[in-house]
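FYI, the numbering just counts along the sequence from 1.
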Amino acid sequence: MSEPQRLHTTRVDLSGLMTVLGNNLYSTPLVAVRELVQNAHDACVRRRIEAPGKETGTEGAIYVRVDGATGTLIVEDRGAGLTESEIVRYLATVGTGMTRELRSRPTSNDASLEDPSSDLIGMFGLGFLSAFVVGDRVVVTTTSYQTPEEGHRYQSVTGETYTLEKCPPRAIGTVVEIRLKASFRALAEEDALRGVLEKYCALLTIPVFVGDNSVAINAEKPPWRIEETNPLRTRKLRFAFAERMEKRFAPLATIPIAPAADGSTDVAGVLWLQDGATYGTSDNRALTIYVRGMMLDDDGRDLLPAWAGFVAGAVESRRLVPTASREDLQKDALFDATAAHIEASLVRGLATLSKEEPETWRRVLMRHNEALLGAALASPALFDLLADELTLPTSEGDLTVKRLLKRGEGTIYVSLSEHGGFEEMLFRALQTPVATGTRYAVYRFALRYTERRGGRVVRLGTEEGNEEIFQRVTTLTADQRGMLDTLFGASGQEIVAARFAPANLPFVLVPDRDAELKARVESDEAAKKIASAALGLARLYTRTIQATAKTRLFVNCDCAPIARLLAAPTAWSAESPPLILLRSLVPLLAGAGMPSDGTQLGEALTAYTATVDTLLASATTSKKV
């Protein structure tokens, strides 16, 4: 028979646990200050809950002081205090906290009592450990409201061992004194400490005083907690709050966030649009998140939509759940509901801004037009709001899509060239603007607009786009085709007889943009610059491109000189001055962005000027005769 299994108790290496929790739980030692103030806050809330009607007029406050001479940080509260057994049970036991027990208690039926979970911040019973991250000695002196005649003093160096002794009673509450390690003596400077606390404690309802200052650092309420019926006054309060909170950009306009009407989230706060020009790839999102009044995260951008690269703000919630370090939020269903609500509120706020503050709205559009193009593609509601107001960069400056459609007689022409080219030349002759399709979101925005509002988009330089512009002529004789090839043919260039406007333009040299893309993606240089996964996907596409010519020369059969040549294809000498001039126009009219090293253009200029000079000399001689 086998021996019966024995139940063993897991041992805890307290030294190792303290090292892990104390040194690795928090991203910055400054969080220690926040945790100590948070504990003091919850002690004040506990006293309000457990001892109602016993106030003395001095409770419900937190005092933070420093002693620069000894390098000591002092946090004092007028809260509930601790009994001797509570010190052992909560203060000296890792992972156990009075706050969690208070929150788990049933809510009283007495309407005069608050829900214990409404204002309490702590959850995990780990915050006190942070004192040992910044300090090499911690002393806690406390007197409980339950035993006002007793005082107790806790002392510890590492948090692993401690002494506990009785001492004379003090005012009800607790004083925590931390002798700071040499590397954290900066916290013993009052100005530095004030900056940390102003950041973390701005929305706490319990007043926090620093040093001898009689004004609490959180005396000013956030605008969403102020009952104000005057819309103008409300707007001013929101703007003043944004100016206090924003550290990088001046606020341009503010948008309120109110709890969801359906109860899906209780988040409230203020967003503001940054007064600084952005591009499509700009991401200056910044959201400060407060949970029960204490700052949890000053980079909570995940709660803002990805398209809102020009938006910052501050929000608070009682229901969002922090991680153990209280420096981030748990990504749960409530988090998702809150993010969706913030996005919907932002879109509604932009719509309200466009109607009620037209001058500010114009400034928003000027500074963030390109970013809003991408934003409109990400949000159907935002697209409906912005579609007729945003502009696209074109060959004739920034124009709205509606204006582009009118100028193009129901068609938006989009260039895919990064350097200009035939598009610029051809459509300048046609007096039709061309949208710059290589700029952020331009092509997709134009496409979305025409899908919803009517019209069409033509991508210039592609096979599909060329067919829209150039009507091919397929009735040429062999002599006519041979003449065009002889006069205008070049390596890697296809000659295409066509009809197109304007009639006074003899030909247009068009690069194959798909072939250009294929060459770029399949080059060795691409492998050095593009991530392998993205490059592999791109090459799957480019393998489908059948590139037979790098460029196509569309010869305009409606142009008078070309029509004259086609009428007698065998009657012309390729070296006659008129044909030399005509051929020389090909690279001269090609414009920028063509695949050329400049040799062809130089040769064309030489031939052109030499021929003109010969003609001028001949004309002068004839005149003299």
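- Between R348 and S345, the side chains place a donor N or O and an acceptor N or O closer than 3.5 Å (distance only, hydrogens not considered).
- The backbone N or O of I206 sits less than 3.5 Å from a side-chain atom of N218, completing a donor-acceptor pair.
- A donor-acceptor pair is defined here as one N or O able to donate and one able to accept, closer than 3.5 Å; such a pair exists between the side chain of Q330 and the backbone of P322.
- Scanning all heavy atoms of the two residues, the minimum distance from R244 to E220 falls at NH1-OE2, 3.2 Å.
- Considering all non-hydrogen atoms of both residues, R170 and D77 come closest at NH2-O, 3.9 Å.
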Test side chain to side chain contact (heavy atoms under 4.5 Å, CB included) on V311 and L346 and set out the steps.
CA-CA 9 Å; V311 177; L346 177 55; 4.1 Å; yes
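- With contacts defined as side-chain heavy-atom distances shorter than 4.5 Å, the pair Q274/L252 does not qualify.
- Here the CG-CG distance, from L373 to N369, works out to 5.0 Å after rounding to the nearest 0.5 Å.
- Counted by atom type alone, D262 and S264 present one or more donor-acceptor pairs between their side chains at under 3.5 Å.
- One distance of note links OG1 of T265 with CG of D336; it measures 11.0 Å at 0.5 Å rounding.
- With hydrogens and angles ignored, the 3.5 Å screen pairs no side-chain donor or acceptor of S379 with any backbone N or O of A375.
- Looking at H341, its side chain does come within 3.5 Å of a backbone N or O of A258 through a donor-acceptor pair.
- Between R89 and E86, none of the side-chain N atoms (NZ, or NE/NH1/NH2) sits under 4.0 Å from a carboxylate O, so this pair counts as no salt bridge.
- Under the 4.5 Å side-chain criterion, counting only non-hydrogen atoms from C-beta, P259 is not in contact with V267.
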Quiz item: Going through the checks in order, is the side chain to side chain contact (heavy atoms under 4.5 Å, CB included) test met by L203 and R225?
Solution: CA-CA 10 Å; L203 302 189; R225 291 187 194 165; 3.5 Å; yes
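- Of the possible polar contacts, one joining the R47 side chain to the R78 backbone as a donor-acceptor pair under 3.5 Å is found.
- In summary, of the residues considered (I87, L82, V139), a side chain to side chain contact (heavy atoms under 4.5 Å, CB included) with Y154 occurs for I87 alone.
- Side chain of K199 to backbone of D298: no donor-acceptor contact under 3.5 angstrom is found.
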Inset, instruction - Decide yes or no on side chain to side chain contact (heavy atoms under 4.5 Å, CB included) for Y162 and L164, but give the supporting numbers first. - result: CA-CA 7 Å; Y162 65 93; L164 182 59; 4.2 Å; yes
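- Nearest heavy-atom pair, F249 versus G276, reported as atom, atom and distance to 0.1 Å: CD2-CA, 4.3 Å.
- Taking a 6.0 Å sphere around NZ of K331, one finds it holds more than 12 heavy atoms contributed by other residues, nucleotides or ligands.
- Between R34 and M295 there is no side-chain heavy-atom pair separated by less than 4.5 Å.
- Between the side chains of W361 and E356, not a single donor N or O lies within less than 3.5 Å of an accepting N or O.
- Using a 4.0 Å cut-off between charged nitrogen and carboxylate oxygen, E177 and R65 do not count as a salt-bridge pair.
- A 4.5 Å side-chain heavy-atom check between I178 and T72 finds every atom pair outside the cut-off.
- Around NZ of K355, the count of heavy atoms belonging to other residues, nucleotides or ligands within 6.0 Å does not exceed 12.
- A donor and an acceptor atom, one from each side chain of Y145 and E50, are located under 3.5 Å apart.
- Across all non-hydrogen atoms, the minimal contact from V176 to V138 is CG1-CG1, 4.2 Å.
- Contact of the R367 side chain with the F310 side chain is not registered, since no non-hydrogen atoms from C-beta on lie closer than 4.5 Å.
- Contact of the E150 side chain with the P169 side chain is not registered, since no non-hydrogen atoms from C-beta on lie closer than 4.5 Å.
- What you find for I62 and V37 is that their closest heavy atoms are CD1-O, 3.9 Å.
- Atoms OG1 and CD1, on T234 and I226 in that order, are 8.5 Å from each other to the nearest 0.5 Å.
- A heavy-atom distance below 4.5 Å is not found between the side chains of S144 and I172.
- Side-chain N or O atoms of T142 include one that pairs as donor or acceptor with a backbone N or O of G173 at under 3.5 Å.
- A heavy-atom distance below 4.5 Å is not found between the side chains of S214 and F209.
- The residues D275 and R363 are annotated as salt-bridged, a charged nitrogen and a carboxylate oxygen being separated by less than 4.0 angstrom.
- Expressed to the nearest 0.5 Å, how far OG1 of T70 lies from CD1 of I74 amounts to 7.0 Å.
- Nearest heavy atoms, D136 versus K181: N-CG, 3.8 Å.
- Note that CG of L237 and NZ of K221 are 12.0 Å apart. Values are rounded to the nearest 0.5 Å.
- A salt bridge is absent between R292 and E316: the closest approach of a Lys/Arg side-chain nitrogen to an acidic carboxylate oxygen does not fall below 4.0 angstrom.
- Formation of a donor-acceptor pair under 3.5 Å by the D283 side chain with backbone atoms of R285 is found in this model.
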Q: Give the intermediate values and the outcome of side chain to side chain contact (heavy atoms under 4.5 Å, CB included) for residues L329 and I289.
A: CA-CA 9 Å; L329 292 170; I289 302 169; 3.8 Å; yes
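- Each salt bridge (Lys or Arg N to Asp or Glu O under 4.0 Å) pair with one or both residues in residues 187-198, not counting sequence neighbours, appears once here: E190-R194.
- For F241 and W224, the ring centers sit closer than 6.0 Å to each other.
- Put simply, OG1 on T161 and CD on Q155 are 11.5 Å apart, with the number rounded to the nearest 0.5 Å.
- One side chain, W307 or E343, offers a donor N or O that lies under 3.5 Å from an acceptor on the other.
- Using a 3.5 Å distance cut-off with no hydrogens or angles, the side chains of D266 and S317 do pair a donor with an acceptor.
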